[in-house]
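Report on the following structure.
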Amino acid sequence: MSYQTFIFDLDGTLLDTLGDLAASVNYALRTHDMPEHSIDDVRRFVGNGVRKLMQRAVPDGETNPDFEATFATFRQHYMAHSLDTTRPYDGIPETLAALKARGCRLAVVSNKMMAATQELIRHFFPDTIEVAIGENEAAGIRKKPAPDTVFAALRQLGVGKEGSVYVGDSDVDIQTAANAVLPCISVLWGFRNRDFLIQHGAKTFISAPSELLQFL
């Protein structure tokens, strides 16, 4: 199968953001006298947006009386430190450039906050990613696994679903692609391993970004 439009997840797919997310989670927890988490804990918590991340990180989640203050501290810290250690995975910039050079349309959809998503794309991929859609439920765009971000990206690109594919690293991405009725390519360098992905319905895998070029 060949594709001309690639819709990418961000965290765990294009960017290794785990270190900065974990640092901001633990800063917020520490600030509000809560126990901190290991980076492996945070790896398990990510994938459903930052509010869900903090629900999992804060003792008793949203029922904790200090949850909203802790979440606000996290958001403020992450917006100021989202570029401290975050980097593209090896081979990602080159692969995106190769896809772009061959006429492909490229977009990102993320459960990360809209402002953080767009800042990261402007910083790392200004010449390749055309559209970046982040969390924006106030505008009627539901978070993944709802297909809204994918549909918004396709609209902004001015293309349809035919010839489009979704690329991600998690069970949320697999379900998002299914809800959008798009094929899904699961990457093996992200936050989830092959066995986990298979258990959640993954069928097509790549082990290196350059393998995307075989789908042209």
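Just so you know, residue 1 is the first one in the sequence shown, and it goes up from there.
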Straight-line distance of [X] [atom1] to [Y] [atom2], nearest 0.5 Å:
X: Q118; Y: R122; atom1: CD; atom2: CZ; result: 6.0 Å
X: T5; Y: L99; atom1: OG1; atom2: CG; result: 11.0 Å
X: M34; Y: T70; atom1: CE; atom2: OG1; result: 3.5 Å
X: L14; Y: T95; atom1: CG; atom2: OG1; result: 10.0 Å
X: L15; Y: I92; atom1: CG; atom2: CD1; result: 8.5 Å
X: H123; Y: I121; atom1: NE2; atom2: CD1; result: 11.0 Å

I'd like to check the side-chain contact (heavy atoms from CB on, under 4.5 Å) partners of [X]; sequence neighbours left out, ordered by chain and number.
X: A153; answer: I7, A107, V109, V131, I133
X: S186; answer: I174, C184, L197, A202, F205
X: E130; answer: K100, R105, L157
X: D20; answer: Y78, D84, T85, T86

Are [Y] and [X] linked, directly or through intermediate hydrophobic residues, by side-chain heavy-atom contacts shorter than 4.5 Å (ILVMFWY only)?
X: M114; Y: F124; answer: no
X: V25; Y: I39; answer: yes
X: Y27; Y: V46; answer: no
X: V108; Y: M79; answer: yes
X: L29; Y: V50; answer: yes

Intermediate values then yes/no, side-chain contact (heavy atoms from CB on, under 4.5 Å), S2 and Q4:
CA-CA 7 Å; S2 63; Q4 296 80 47; 4.0 Å; yes
For F6 and Y3, take the angle between the two ring planes, folded into 0 to 90°, and tell me which bin it lands in: parallel under 30, tilted 30 to 60, perpendicular over 60.
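Perpendicular: the ring planes of F6 and Y3 meet at over 60°.
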Per the side chain to side chain contact (heavy atoms under 4.5 Å, CB included) rule, which among L216, L213, L212 passes with C104?
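Single side chain to side chain contact (heavy atoms under 4.5 Å, CB included) partner of C104 among L216, L213, L212: L216.
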Is the [atom1] atom of [X] crowded by more than 12 outside heavy atoms at less than 6.0 Å?
X: Q156; atom1: CD; result: yes
X: D90; atom1: CG; result: no
X: F151; atom1: CZ; result: yes

So, using salt bridge (charged side-chain N to carboxylate O under 4.0 Å, His left out) as the criterion, who are the partners of [X] when residues are at least two apart?
X: R87; result: none
X: D171; result: none
X: D40; result: R43

Per the salt bridge (charged side-chain N to carboxylate O under 4.0 Å, His left out) rule, what does the pair list look like for residues 173-184, sequence neighbours excluded?
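Pairs touching residues 173-184 that pass the test: K144-D173.
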With sequence neighbours excluded, give me every salt bridge (charged side-chain N to carboxylate O under 4.0 Å, His left out) pair touching residues 68-82.
R51-E68
Could you walk me through whether D148 and R142 satisfy the salt bridge (charged side-chain N to carboxylate O under 4.0 Å, His left out) test, starting with their C-alpha distance in whole Å, then the side-chain angles of each, then the deciding distance to 0.1 Å, before giving a yes or no?
CA-CA 6 Å; D148 301 24; R142 295 171 297 167; 3.0 Å; yes
How would you list, by chain and number, every residue that makes a ring-ring contact (aromatic ring centres under 6.0 Å, His included) with H37, sequence neighbours excluded?
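If we apply the ring-ring contact (aromatic ring centres under 6.0 Å, His included) test to H37, skipping adjacent residues, the hits are F45.
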Residues which pass ring-ring contact (aromatic ring centres under 6.0 Å, His included) with F125, listed by chain and number, not counting sequence neighbours:
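Not a single residue meets the ring-ring contact (aromatic ring centres under 6.0 Å, His included) criterion with F125.
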[X] versus [Y]: any side-chain heavy-atom pair under 4.5 Å?
X: E119; Y: S82; result: yes
X: F67; Y: Q55; result: yes
X: Y166; Y: I185; result: no
X: S164; Y: L154; result: yes
X: D169; Y: D9; result: yes
X: L53; Y: V42; result: yes
X: W189; Y: P209; result: yes

Using modelled atom types only, decide if a donor and an acceptor are shared between the side chain of [X] and the backbone of [Y] within a distance under 3.5 Å.
X: N26; Y: E36; value: no
X: T13; Y: L10; value: no
X: N179; Y: P145; value: yes
X: D16; Y: Y89; value: no

How close do A28 and M54 get, counting heavy atoms only, and between which atoms?
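Shortest heavy-atom contact: CB-CE, 4.2 Å.
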Give every residue pair that meets the side chain to side chain donor-acceptor pair (under 3.5 Å) criterion with at least one member in residues 193-216, sequence neighbours excluded.
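Not a single pair qualifies under side chain to side chain donor-acceptor pair (under 3.5 Å).
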side-chain contact (heavy atoms from CB on, under 4.5 Å) between L21 and K112: does it pass, once the steps are laid out?
CA-CA 11 Å; L21 285 167; K112 191 184 293 293; 4.2 Å; yes
Do S24 and H81 have side-chain atoms, one donor and one acceptor, less than 3.5 Å apart?
no
Could you walk me through whether F215 and V165 pass side-chain contact (heavy atoms from CB on, under 4.5 Å), step by step?
CA-CA 10 Å; F215 294 99; V165 64; over 6 Å; no
Does K143 form a side-chain contact (heavy atoms from CB on, under 4.5 Å) with N48? I'd like the steps, not just the answer.
CA-CA 8 Å; K143 293 186 295 185; N48 297 89; 5.9 Å; no
